[in-house]
Amino acid sequence: MNIILSGVGGNGVVLTTRIIAEAAVMEGINVRVGEVHGLAMRGGTVVSHLRLGHDAKGVLIPQRMGDMMLSFEPLEAIRQLKLLKRGAKVIINNDPYIGVDAHLGLSRYPDICRVLEQIQETQDLVDVPATHLAVEAGGVVMTNVVMLGTLSASRELPIRREVLLEAIKSRVPPHTIDKNIVAFELGEKAFQEWESSRACQVKQ
Amino acid sequence: MAKKNRILGGAGEKVLLTGNEAIARGCLEAGVVVATAYPGTPATTILEKLGDVATELGFHAEFSVNEAVAFEVSAGAAMSGVRSLMATKMLGVNLIADPLTVISVTGVRGGLVIITADDPQQFSSQNAEDTRFFGMLAKVPVLEPVDGQEAKDMTRYAFELSEELELPVFLRITPRICHSSFPIELGEIHPPKRNGKFLRDPKRFVMISTFSRPRQKILNEKIAKAGIIADTNPWNRTFNFQNGRAVDDNKAYNTFGIIASGMTFPYVEEVLEVTKVNARVLKLATTYPLPQNLVTEFLREMDQVLIVEENDGVTELLTRALAQRKRLNVRIMGKDEGLIPMSGELNPDLVGDALEKLFGVQFREELTEPYIKAEKELVSQRVPALCSGCPHRASYYSIKEALRRKGMGGSIMGDRGCYNQGAYAPLEGIDSCICMGASIAMASGISHSGTNEPVLSVIGDGTFFHSGIPSLLNAVHNRSNIVSLIFDNSITAMTGHQVNPGTGVNLMGVHTGNANLKKIVEACGVERVQVINAFDTKRLIDAVMEEIDQPGPSVIISRSPCALVVERNVRQRKLKMYRAEVDLDKCIGCKVCMKKIGCPAFGWGDDPKPHLEILPHCNGCGLCVEMCPFGAISVPEKREGALGISVKPREVRE
Ligand SMILES: Cc1ncc(C[n+]2csc(CCOP(=O)(O)OP(=O)(O)O)c2C)c(N)n1
Ligand code: SF4
């Protein structure tokens with residue numbers, strides 16, 4: 001199974017990938033993680049390739065071979081879109097990071113609705129207000145745990161909920177474990193809401 | 001944070017490690033006694049990981065002042081009979097070329113392993129050079145792992161090989177090894193044997209020409225022997241791929257062959273599995289010297305061989321030479337024939353493209369219309385920026401403002417560090433970035449060229465210690481008319497906040513005192529030196545304007561700690577982080593602040609009218625307050641004592 005995680009520096013892409021990979025190892029699943037993270041500074045593009053299963057050998061996912069994506073930022077999802085199979089699920093935090101470069105016209109940040117529509121054209125899009133939910137749980141830093149909750153609830157991963165939670169607990173500061181569990185649960189709930197809203201649409 | 005150190009896991013355990021962690025673990029399994037490095041992405045974390053456990057396990061680990069020094073420290077230890085490591089990014093190998101090409105002649109006693117991280121995709125490097133040429137230059141063997149497990153195991157083996165040959169050994173890796181994670185089966189950790197002793201042997205270690213000349217023969221014999229040992233290296237393996245399945249046999253029934261050099265093997269494997277092209281594959285771990293018999297026997301049965309390798313066509317070159325020497329009639333293809341790209345890293349798709357050209361098979365899934373459209377219409381490169389609150393932003397603003405007020409143009413020779421991000425708009429604060437330490441000397445050259453514009457240079461504290469000092473001495477000695485700015489954030493930030501002599505603490509966590517930058521500058525003979533708080537823009541602008549008018553070299557040390565270090569200290573000490581605030585009645589939405597300093601904590605709001613918004617990651621440095629012509633920005637309290645917050649790198653590291 002090929003999973004792409006994308007976002008900008010400061011989103012916690014690298015940490016999140018590690019958490020999933022560690023949970024996979026706990027489950028006895030073979031993993032490969034390929035990461036690109038640049039320098040110490042924040043705000044640059046970050047992407048990691050997570051490959052699970054006995055056939056995972058190389059660290060890079062070939063074009064259009066991705067089974068799903070977890071994106072912490074909408075535009076970054078578009079940037080990695082060509083790695084995905086058609087119809088693959090994309091879980092996205094719909095909170096854009098528009099850098100000062102875009103405000104100055106040095107780069108371009110497209111209309112957010114246009115971004116989401118574009119993803120929807122080929123992918124199964126689950127968009128989650130993860131930043132807001134994290135704030136609700138107690139802090140922006142837990143955005144990635146919200147996303148992990150959504151991912152877990154989507155049942156796409158061959159990893160059990162408890163194991164994923166275990167991996168999260170071993171990676172966050174001990175005194176924040178309770179808050180992180182709340183964040184995780186909010187993420188799960190967001191998925192369930194998305195699922196039921198989709199069910200309504202289907203009925204209509 | 002859960003602090004169980006993964007690289008200390010028990011023998012037989014399987015743990016998830018990055019390639020760099022795996023290499024660090026390999027060093028522990030080899031019982032390394034001295035480990036050195038100078039930071040450089042992507043190799044930096046190897047020594048950080050070793051530094052974390054050095055005191056506990058009883059070996060010496062250091063971040064040296066530069067790579068040449070690091071290598072010489074390790075070589076000294078190896079000459080004393082103990083196992084010793086030096087890790088660097090490939091650019092650092094340029095610096096060690098001088099000692100390396102002689103230490104290969106003297107040879108070593110304890111194993112000496114050099115980890116070199118090449119960067120074919122240039123994720124974080126000024127060029128894409130191929131270290132294998134340095135192996136050939138110095139006659140030092142080069143080993144290349146394909147994944148984390150091999151990286152760990154080969155590190156341990158590299159020490160053994162080095163001892164067998166009494167020659168340094170390169171282990172060449174790339175970011176795809178360093179920063180990737182793999183489940184790794186751990187071996188036994190061997191306690192370091194710290195029993196070194198340098199045994200006098202002038203004919204071996206005093207490399208005056210009379211003593212060195214006879215040793216060339218010994219070196220040539222050693223590297224020839226390395227080629228023979230490579231023939232039986234267990235990581236060199238041949239496979240037959242039949243119908244998408246690898247058969248680990250030794251029979252030669254395919255006449256199309258692939259030599260997968262270094263870490264490209266998994267890509268080749270994946271492509272053959274999918275396309276079902278039948279091929280015999282040589283997975284090559286010893287890229288220099290080539291395993292002569294193994295490659296000869298491989299080529300003998302082939303009609304055509306594709307060489308898959310990253311960076312330059314070194315395996316291709318060596319294979320062609322071997323085929324010619326053995327008079328083998330085989331077509332060798334690779335970069336020369338345009339099948340494998342000449343530059344950039346490889347991936348399965350690119351290997352697939354080569355097979356498509358050869359056999360018409362398809363590996364790469366095509367990009368259909370919506371994907372092409374999404375990429376074309378929506379994707380735009382983000383422009384990297386200095387962090388919010390970075391002192392370099394304040395320094396650049398002041399330098400550019402001083403030059404603007406002077407109205408005489410001028411050039412600013414840059415160096416290598418976080419301050420490179422100041423090259424982008426809107427700061428556009430440097431006119432060059434060549435290599436570490438180049439700024440001051442290049443500025444000197446321009447000043448002697450007859451220009452009548454001001455010539456400035458910018459260098460960080462880390463880079464000044466690394467290789468700036470000789471250039472400054474030179475500027476004094478030869479009277480260059482330059483203004484050199486040293487951006488002193490008391491840490492080597494760009495590579496992830498490593499200690500340097502100005503930090504006060506070393507990698508082992510020992511307080512060794514801060515090197516006094518100002519005194520060093522004065523001791524070089526610079527008469528005009530001043531130290532200014534980077535955020536004191538008024539003084540800094542005045543100082544730059546004043547120094548431009550002075551003849552001879554002058555130095556301005558612009559000092560303030562790295563914003564990320566400040567943030568972390570503020571967090572750890574539970575201090576309050578102040579953020580800038582915008583007065584909506586005063587902000588007219590002119591974006592002057594953005595155009596002047598482009599801080600990434602600047603956002604934009606439209607409600608009820610266009611105005612500046614301050615994003616949550618603002619850390620209240622206060623620079624923007626001065627930028628607004630209408631006084632719309634304020635900070636409740638300007639970050640007090642930014643200079644007083646001590647830098648504690650052992651806590652700072654992730
Ligand atoms: C020969 C060489 N070694 C290492 C590096 C990697 N590198 C890039 S910048 C830098 C250090 C920057 O430190 P400093 O000058 O203190 O600037 P800062 O990033 O702290 O602003 C290093 C080690 C390199 N580019 N070249
Ligand atoms: S890491 Fe530190 S020195 Fe580098 S850009 Fe950020 S604040 Fe500036």
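Reminder, nothing fancy here: chain letters follow the sequence lines and each chain counts from 1.
The closest donor-acceptor contact from the side chain of B/Arg176 to the backbone of A/Gly58 lies at 3.5 Å or more, if one exists at all. Checked by atom type and distance alone, the side chain of B/Lys591 pairs as donor or acceptor with a backbone atom of A/His103 at under 3.5 Å. Distance alone, capped at 3.5 Å, places no donor-acceptor pair between the B/Glu270 side chain and the A/Asp55 backbone.
With a 4.5 Å cut-off on non-hydrogen atoms, B/Glu613 does not touch chain A at all. When heavy atoms are compared at a cutoff of 4.5 Å, B/Ile597 does not approach chain A at all. Within the 4.5 angstrom heavy-atom criterion, atoms from both the backbone and the side chain of A/Gln63 approach chain B. Using a 4.5 Å cut-off between heavy atoms, A/Met26 makes no contact with chain B at all. Of the atoms belonging to B/Phe363, it is side-chain heavy atoms, and not backbone ones, that fall under 4.5 Å from chain A. Only the side chain of B/Tyr267 comes within contact range of chain A, judged by heavy atoms closer than 4.5 Å. Within the 4.5 angstrom heavy-atom criterion, atoms from both the backbone and the side chain of B/Thr368 approach chain A. Heavy atoms of A/Gln123 lying under 4.5 Å from chain B belong exclusively to its side chain. No part of B/Ile184 comes within reach of chain A, as not one of its non-hydrogen atoms sits under 4.5 angstrom from that chain. When heavy atoms are compared at a cutoff of 4.5 Å, B/Cys562 does not approach chain A at all. Of the two parts of B/Glu269, only the side chain, counted from C-beta on, holds a non-hydrogen atom closer than 4.5 Å to a non-hydrogen atom of chain A. Both the backbone and the side chain of A/Glu22 come within less than 4.5 Å of a heavy atom in chain B. With a 4.5 angstrom heavy-atom cutoff, A/Val25 touches chain B only via side-chain atoms.
Ranked by heavy-atom pairs under 4.5 Å with chain B, the list A/Ala21, A/Ser107, A/Pro110, A/Pro62 is led by A/Pro62. Counting heavy-atom pairs under 4.5 Å between each of B/Pro370, B/Cys178, B/Pro175, B/Gly19 and chain A puts B/Pro370 at the top. Across A/His175, A/Arg51, A/Met65, the residue that shares the most heavy-atom pairs under 4.5 angstrom with chain B is A/Arg51. Between chain A and the residues B/Ala601, B/Ala425, B/Gly148, B/Pro384, the largest count of heavy-atom pairs under 4.5 Å involves B/Ala425. Per-residue heavy-atom pair counts under 4.5 Å with chain B were compared for A/Arg114, A/His49, A/Arg86, and the maximum is reached by A/Arg114. Ranking B/Cys390, B/Gly352, B/Ala374 against chain A, the residue ahead of the rest is B/Ala374, based on heavy-atom pairs under 4.5 Å.
A heavy-atom distance below 4.5 Å is not found between the side chains of B/Phe182 and A/Val31. Under the 4.5 Å side-chain criterion, counting only non-hydrogen atoms from C-beta, A/Leu60 is in contact with B/Pro348. B/Pro426 is listed as a side-chain neighbour of A/Leu104, based on a closest heavy-atom distance under 4.5 Å. Contact of the A/Glu121 side chain with the B/Lys373 side chain is registered, since non-hydrogen atoms from C-beta on lie closer than 4.5 Å.
Once rounded to the nearest 0.5 Å, the distance linking CG of B/Leu367 with CG of A/Leu81 reads 9.5 Å. A distance of 9.5 Å separates CG in A/Leu106 from OG in B/Ser380, rounded to the nearest 0.5 Å. Here B/Leu16 contributes atom CG and A/Ile20 contributes atom CD1; the two are 12.0 Å apart, rounded to the nearest 0.5 Å.
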Given A/Arg32 and B/Asp147, is the side-chain contact (heavy atoms from CB on, under 4.5 Å) satisfied, shown in steps?
-> CA-CA 9 Å; A/Arg32 288 287 181 277; B/Asp147 59 22; 4.0 Å; yes
Decide side-chain contact (heavy atoms from CB on, under 4.5 Å) for A/Gln118 and B/Glu375; before the verdict, give the C-alpha distance in whole Å, the side-chain angles of both, and the deciding distance to 0.1 Å.
-> CA-CA 10 Å; A/Gln118 182 65 55; B/Glu375 172 116 351; over 6 Å; no
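Within a 6.0 Å radius of NZ in B/Lys14, other residues, nucleotides and ligands contribute 12 heavy atoms or fewer. A 6.0 Å sphere centred on CZ of A/Arg108 holds more than 12 heavy atoms belonging to other residues, nucleotides or ligands.
Considering every non-hydrogen atom in both A/Val8 and B/Arg382, the closest pair reads CG1-NE, 3.4 Å. Nearest heavy-atom pair, B/Leu378 versus A/Leu75, reported as atom, atom and distance to 0.1 Å: O-CD1, 3.4 Å. Of all heavy-atom pairs between B/Gly598 and A/Val100, the closest is O-CG1, 3.3 Å.
Cation-pi geometry between A/Arg64 and B/Tyr371 is satisfied (NZ or CZ under 6.0 Å from the ring centre, within 45° of the ring normal).
A salt bridge does not link A/Lys85 with B/Glu365: every distance from a Lys NZ or Arg NE/NH1/NH2 to an Asp or Glu carboxylate oxygen is 4.0 Å or more. A salt bridge is defined here as a Lys NZ or Arg NE, NH1 or NH2 lying under 4.0 Å from an Asp or Glu carboxylate O, and A/Lys57 with B/Glu273 meets this definition.
Tested against B/Val379 for a side-chain contact (heavy atoms from CB on, under 4.5 Å), the candidates A/Lys82, A/Arg79, A/Glu76 yield a single pass: A/Arg79.
A side-chain N or O of B/Ser181 and one of A/Arg18 form a donor-acceptor pair less than 3.5 Å apart.
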